[in-house]
Amino acid sequence: MMAMPDAIYGGHSGVTSSDKPLEYRDPNQSVKILGFWLFLATDMLLFGCLFATYLVVRTHTDGGPTARSIFDIPGFTLETFFLLTSSFTGGLSTLAMRNGNKKALVSWFAVTIALGLAFIGLEVHEFIGDVASGATWERSAFLSAFFTLVGTHGSHVTVGLVWMFLTLLQVAKRGITPITARKVFVVNLYWHFLDVVWVFIFTVVYLSGRVM
Amino acid sequence: MKTGHSPRRAKSLTFLSAALLVLFATGCGRQYMVLDPAGPVGREELHLIVMSAILVGIVIIPVLILLFYIVWRYRDKPGNTAPYTPKWSESKGLEVVWWGIPIVIVGVLGAFTAKTTFALTKPPAESADVTPITIQVTSLDWKWLFQYPGQGIATVNYAEIPTGVPIQFELTSDAPMNSFWVPQLGGQEYTMPGMAMRLWLEADKAGTYYGHGANFTGAGFAHMDFNVIATSDSNFEAWVKQVKASSPALTKAGYAQLKEPSVIGTKSYSSFPPGLFNGTIWADGGQYMPNMMNQTGSPLKAGIHTNSTGVGSGDSMSGMSNMTNMSAMSATGTSSSQK
Amino acid sequence: MAVHGGVTREPGHKKHKATQYIVGYLSSLILTAIAFGLALTHTMRVGPLIVVLTILAGLQIVVQLYFFMHITEGDGPPFHALFLILGLIFTFAIALMSVWIMGFPAFMAQVS
Amino acid sequence: MPSGFMQFADKYLMWKEGPMIWGSDVAILLVSIGIVFVLTYFHKWKWLWREWITTVDHKKIGIMYLICALLMLFRGGADAELLRTQLAIPNNHFLSAEHYDQIFTTHGTIMILFMAMPFIFALFNIVVPLQIGARDVAFPYLNAISFWLFFFAAMLFNLSFVFGGSPDASWVSYPPLSELGFDPGPGENYYLLALQITGIGSIATGINFLATIFKMRAPGMKLMHMPLFTWSTVAACVVIIFAFPALAIAIALLTLDRIFGTHFFTILHGGNPMMFVNLFWVWGHPEVYIVVLPAFGVYSEVVATFARKRIFGYSSMVASLMLISVISYFVWAHHFFTMGAGADVNTFFAVASMLVGIPTGVKVFNWLFTMYRGRIRMTLPMLWTIAFVPCFAIGGATGIMLAAAPADYQYHNSYFLIAHFHQVLIGGVVFGMLAGMYYWWPKMFGFKLDERLGRWAFWFFNIGFYVCFMPQYALGFMGMQRRMYTYPADMGWNTLNLISTIGAYIMAIGFVFIVIQVLYSVKYGERDLTGDPWDGRTLEWSLPSPAPHYNFAVIPTVTSRDVWWELKEQGRTDELKPKAEDIKPIHMPKNSARPFFMGLAFFVAGFGFVFDSMWLGFLGLAGVVACLIARALEYNDDYHIPVHEVVETEATLGRLG
Ligand code: HEA
Ligand code: HEA
Ligand SMILES: [Cu+2]
């Protein structure tokens with residue numbers, strides 16, 4: 001091992017200290033984690049605007065399908081369960097990463113991906129059902145907003161799945177290094193974030209739609 | 001180093017602003033419409049404008065003077081004997097002053113603003129005992145349609161109103177959003193498809209007042225001007241009679257044609273299809289304005305009962321036969337305390 | 001980026017436990033169950049129900065942030081937490097104030 | 001062939017539209033041929049590719065932003081001249097209504113998004129890493145992506161003029177006017193997609209600089225040691241990352257309406273056009289502060305340097321920056337007071353808007369008192385700064401007047417408003433960016449811009465400004481609306497409009513002087529051999545001009561505000577000279593062509609969607625995804641500059657201590 005070269009920045013020149021969680025130890029990686037948190041903050045605003053739009057046109061059904069008429073309780077209950085659980089298993093993969101347990105990490109990733117796929121499958125199924133019954137997003141402002149909000153979340157989840165899979169490959173190939181550790185941590189941050197968004201979707205869209 | 005520039009610049013600026021002041025001061029004739037209001041609403045707004053100009057002037061003018069003084073006094077010129085304290089960079093006292101003064105000013109201006117904002121949502125207080133007249137305004141591409149539900153007539157690109165009577169303009173659009181503005185009577189409000197908004201205006205002097213759409217709606221927008229003609233009560237009545245007697249009726253087909261994008265002159269109609277105004281709103285999604293439905297069925301709660309003659313050919317309700325909550329709409333009347 | 005030896009094994013570092021994750025998972029399930037239960041059984045009036053649902057969702061944010069996303073950990077000052085909180089405030093401001101503005105609430109008040 | 005071709009030429013190349021289009025076509029063709037010829041003749045293709053297109057060096061990216069911003073200032077300015085020419089006399093037929101509408105739309109959009117934004121990004125890039133003692137930004141690769149997204153978005157937007165037609169629904173582009181029913185052409189799609197693409201780039205820049213500033217300061221540099229330009233970057237980036245998502249959503253939903261048949265903002269099927277207005281201004285208002293905050297940062301640097309005095313009230317300056325960025329988030333509805341949203345809403349937003357004046361005023365007073373008891377050198381950056389104060393104070397004051405909601409019922413969409421925002425945008429942003437450009441020009445290029453020509457530019461631009469925009473306040477009071485392509489002769493607006501147009505021409509002369517000044521100074525400008533031509537105060541002036549590729553051979557340790565000034569005062573400047581034995585290999589990011597290709601892929605996608613060509617659109621997006629995946633799997637993206645190379649470079653610069 002050669003001497004640590006000067007980092008590209010001055011800050012904490014290449015000091016790795018081991019009282020921090022693994023993903024934060026290399027300053028090159030810890031700055032990326034900060035960057036990702038900032039990204040999450042903007043993504044949150046993105047969803048905030050979609051929620052705002054949904055709330056404003058929620059009742060604008062133009063005589064077409066209403067929230068009450070299209071939401072299917074068992075469907076979104078199951079979706080919720082899958083996603084909450086996948087957030088948990090995602091968390092366990094972070095734990096495995098921090099413990100340096102590559103095998104557990106890969107397995108928990110696989111479980112998480114499977115749960116995510118199940119979630120997406122259900123959502124696609126729900127959407128297909130809606131469209132088949134005439135509830136398309138061209139039908140009314142309410143449906144435009146509904147499909148866009150839920151669909152944006154769904155496409156985020158899809159991106160997350162691809163990304164998690166890519167990360168899994170890298171961990172499998174390279175083991176747990178500061179770089180892969182950071183990647184594992186970040187993809188999980190994203191995943192938990194999507195879980196929070198889903199909590200708001202089922203609260204604001206599905207549950208409120210049932211009662212209002 | 002050349003340093004002679006800033007004072008010269010200061011002077012030229014002062015001259016410029018002085019010249020502008022003169023321009024304003026002498027020019028408050030008819031052409032400075034905003035500064036020459038012809039009704040209580042415009043006056044109230046002008047009052048706020050003047051108020052705000054004075055209040056901001058209290059800080060801005062000293063700032064300008066201070067700037068010119070400082071730049072002139074502390075310029076880097078050989079032999080300049082002004083004090084030089086390169087490390088002096090904090091002063092609690094001074095900072096309190098310039099956090100404080102603007103706070104006070106914003107407080108005062110904010111209070112005036114709040115008061116005026118709330119006041120303008122009601123008919124002008126001066127003529128509180130006069131029965132208002134309702135005029136329904138629809139902005140089209142690129143013309144203005146005025147309907148008089150009380151009188152049963154309609155006009156295009158001009159409107160007559162009696163002086164001394166509060167006018168309740170109900171505004172909507174059957175085209176891209178526009179804004180209804182008659183500077184001498186008072187400020188504007190948007191005309192939006194699918195919504196009906198209210199704007200109270202009143203003229204207390206007879207005259208012809210320039211009006212124009214103020215929100216861009218495409219190629220013909222520049223030609224969307226109209227006149228509001230304020231006359232005495234009797235002249236107004238006579239004008240209504242004359243329009244009733246000598247003008248054609250506006251038919252549904254005629255409206256469809258009017259709606260087509262075009263730039264036209266003025267027109268008058270002796271009547272208009274019943275429910276045209278509300279039909280326009282509902283057709284474009286007005287059913288989502290929560291408050292328009294619930295109590296009265298009129299897009300504006302007070303819309304049909306502020307004027308006693310409201311149930312004529314301009315009946316606000318007949319256009320809504322396709323609506324589901326007809327029952328809710330019949331509960332008109334008693335809830336309104338409008339004078 | 002040079003890969004430094006030794007990091008993968010974390011010699012002598014305390015082993016992280018799964019307890020935190022399990023607690024987080026259970027709390028999120030419980031919060032969800034309460035929300036679903038309240039909303040689907042019509043035990044409350046709509047207004048208060050919406051408030052309760054929103055509070056429950058807010059608690060879920062805390063659960064995910066604390067138990068799963070380790071918001072309290074990090075390297076240096078907690079800038080990420082600062083920005084997240086600011087973002088949350090702005091998010092709620094946009095959503096709620098848009099409803100406030102676009103609901104034309106004073107549309108009625110204008111008249112009375 | 002001819003008839004098919006003629007149809008194509010008619011529809012997309014707009015050959016029936018007259019000499020302006022032909023002229024532009026010819027000009028574009030000539031310029032393109034010229035560029036290709038010059039590059040080939042001087043064998044510069046490789047150089048262009050290696051040194052610029054694939055670069056991830058923040059200094060070069062900054063320079064590319066700067067060049068684009070100046071070009072866009074020219075384009076937007078030429079638009080402005082056309083607008084003013086049309087308005088010079090009543091009933092003018094120099095431009096048709098359609099052309100006028102397109103021109104003010106592109107003028108506003110270009111000036112805000114493709115002139116002001118890249119201009120501030122140019123300064124962020126050039127200055128911030130140098131000021132905080134870093135070797136690059138936190139994410140150099142992402143930084144290059146941001147630039148290329150901006151660049152290709154600007155290309156896409158400008159392409160509309162000669163291919164398919166420009167947008168014409170104004171820079172705010174309110175539906176339903178901007179919906180398919182009223183605006184079927186591709187112009188509006190160009191607007192939507194170009195803004196979307198550049199918006200993504202801007203968010204990335206915001207994140208990038210926040211991470212840079214919070215994580216990569218030189219050791220010892222506490223937050224409260226940071227130069228105020230860096231602080232202003234923080235403030236602006238905070239607003240960027242929280243405001244741009246709203247723009248992204250607003251225009252994404254409008255795009256869905258136009259291309260995929262949804263009904264967010266249509267007047268059919270329950271759409272609500274006002275929601276677009278609402279979302280647009282959730283971004284739009286903070287946006288104006290995004291562009292003005294960095295200008296405030298520039299003024300703070302310039303004032304301290306040229307008054308030869310510490311900035312007055314540093315802590316208040318920082319606090320007011322932060323307050324402005326937070327409050328500016330809660331004022332957006334002041335752009336639609338006249339929507340009728342009720343007195344409580346209007347009052348809230350009116351008072352919130354006025355509140356912004358308080359921290360802004362604090363800044364003004366602090367600048368004044370920085371000059372007070374200083375020694376003011378009238379250099380070009382300082383001239384623009386001094387000119388800024390009255391211009392911005394008056395513009396801000398009229399802003400406060402606009403914020404009084406019921407008064408705004410009378411000003412809204414009138415020329416009073418036009419005058420207000422040009423006063424703050426030009427007096428605040430453009431003056432600031434020019435001051436910054438003059439100030440840091442030697443740092444970028446190693447020579448100063450000519451002072452004499454600069455003064456000519458300054459006076460023409462300033463006098464022109466007042467001549468152009470002061471009459472517009474009066475026109476507002478006379479009831480003249482914005483966005484009218486012409487006006488009748490009997491309104492009494494004739495004289496003032498003519499004066500205003502003359503003012504615009506004088507400003508154009510000022511701009512021409514800037515161009516001449518740059519060209520002249522390339523050859524004759526005073527070379528900067530010391531690296532500190534202005535007797536500066538902050539870290540960037542401790543470096544040679546232009547700074548070496550890696551900025552700092554050895555990262556300095558910072559112990560106070562205005563470090564460089566302190567060291568100079570104490571005669572300790574040698575401490576910042578690197579010693580050969582301290583130099584270690586420097587870790588730097590590798591160049592990459594992928595950001596360029598990613599921008600290109602976005603361009604293809606945007607172009608596809610503009611013309612409703614789904615296959616092309618999704619093909620472009622596939623390209624984007626491919627770039628992202630390739631990046632995710634990339635490990636080998638950095639290298640080390642060996643010690644001897646650093647030592648050599650420093651030695652030739654004469655800096656080895
Ligand atoms: C850089 C750009 C910039 C800046 C800095 C500002 C600053 C301000 N603006 Fe402006 N504004 C625009 C760009 C900008 N604006 C644009 C582009 C539009 C129109 C968009 C469009 O419709 O196309 C617009 C429109 C606009 C409107 C909408 C009007 C309408 O559409 O009808 C309003 C209304 O409140 C407003 C208010 C303000 C206020 C209160 C400030 C304040 O921040 C100003 C604060 C500054 C000062 C007050 C001066 C300094 C202070 C002192 C010296 C001491 C303290 C003084 C007092 C307390 C009085 N602006
Ligand atoms: C930073 C932003 C910025 C800047 C710098 C400017 C600069 C100028 N603007 Fe702009 N303007 C806006 C932002 C800006 N504007 C916005 C957002 C709008 C609203 C758009 C909308 O309604 O949608 C607007 C609208 C607007 C209008 C109103 C149009 C209308 O509503 O009908 C006018 C009219 O006078 C105008 C004039 C000018 C002038 C004369 C300049 C001058 O400062 C320009 C100075 C000139 C140059 C810097 C370059 C000089 C050019 C040459 C040397 C080339 C000469 C070539 C020829 C003559 C062909 N602008
Ligand atoms: Cu604003």
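Just so we're on the same page: letters track the sequence lines, and every chain starts at 1.
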Would you say the side chain of A/Leu34 lies within less than 4.5 Å of the side chain of C/Phe83, judging by non-hydrogen atoms?
no
Which atom of A/Gly91 lies closest to which atom of C/Tyr21, heavy atoms considered
O-CE2, 3.2 Å
Specify the closest pair of heavy atoms between C/Ala57 and A/Thr203, including all atoms of both residues, with the distance to one decimal.
CB-OG1, 3.8 Å
Need one label for A/Ile73: side chain, backbone, both or neither, based on atoms under 4.5 Å from any heavy atom in chain C.
side chain
Could you tell me how the ring of C/Phe68 sits relative to the ring of A/Phe88: parallel (under 30°), tilted (30 to 60°) or perpendicular (over 60°)?
tilted
As an exercise: rank A/Phe36, A/Phe76, A/Trp37 by heavy-atom pairs under 4.5 Å with chain C and give me the winner.
A/Trp37
Greatest number of non-hydrogen atom pairs under 4.5 angstrom with chain A, of C/Gln64, C/Gln20, C/Met97, falls to C/Gln64
What heavy-atom pair brings A/Phe200 and C/Gly58 nearest, and what distance separates the two atoms?
CZ-N, 4.2 Å
Residue C/Leu38 versus chain A: region with a heavy atom under 4.5 Å:
neither
Nearest heavy atoms of A/Leu45 and C/Gly87, plus distance in Å:
CD2-O, 3.6 Å
So that I know where these two stand, are C/Phe36 and A/Phe81 an aromatic pair - ring centroids less than 6.0 Å apart?
no
Flag side-chain contact, heavy atom, 4.5 Å: A/Leu55 against C/Ser98
no
Over all heavy atoms of both residues, which pair between A/Thr94 and C/His70 is shortest? Give the atoms and the distance, please.
CG2-NE2, 4.4 Å
Which heavy-atom pair separates A/Leu92 from C/Ala18 by the least distance, and what is that distance?
CD2-CB, 4.3 Å
Is any side-chain heavy atom of A/Phe47 less than 4.5 Å from a side-chain heavy atom of C/Thr91?
no
With only heavy atoms counted, which part of A/Thr80 is less than 4.5 Å from chain C, the side chain, the backbone, both or neither?
side chain
Greatest number of non-hydrogen atom pairs under 4.5 angstrom with chain C, of A/Ala96, A/Gly90, A/Ser87, falls to A/Ser87
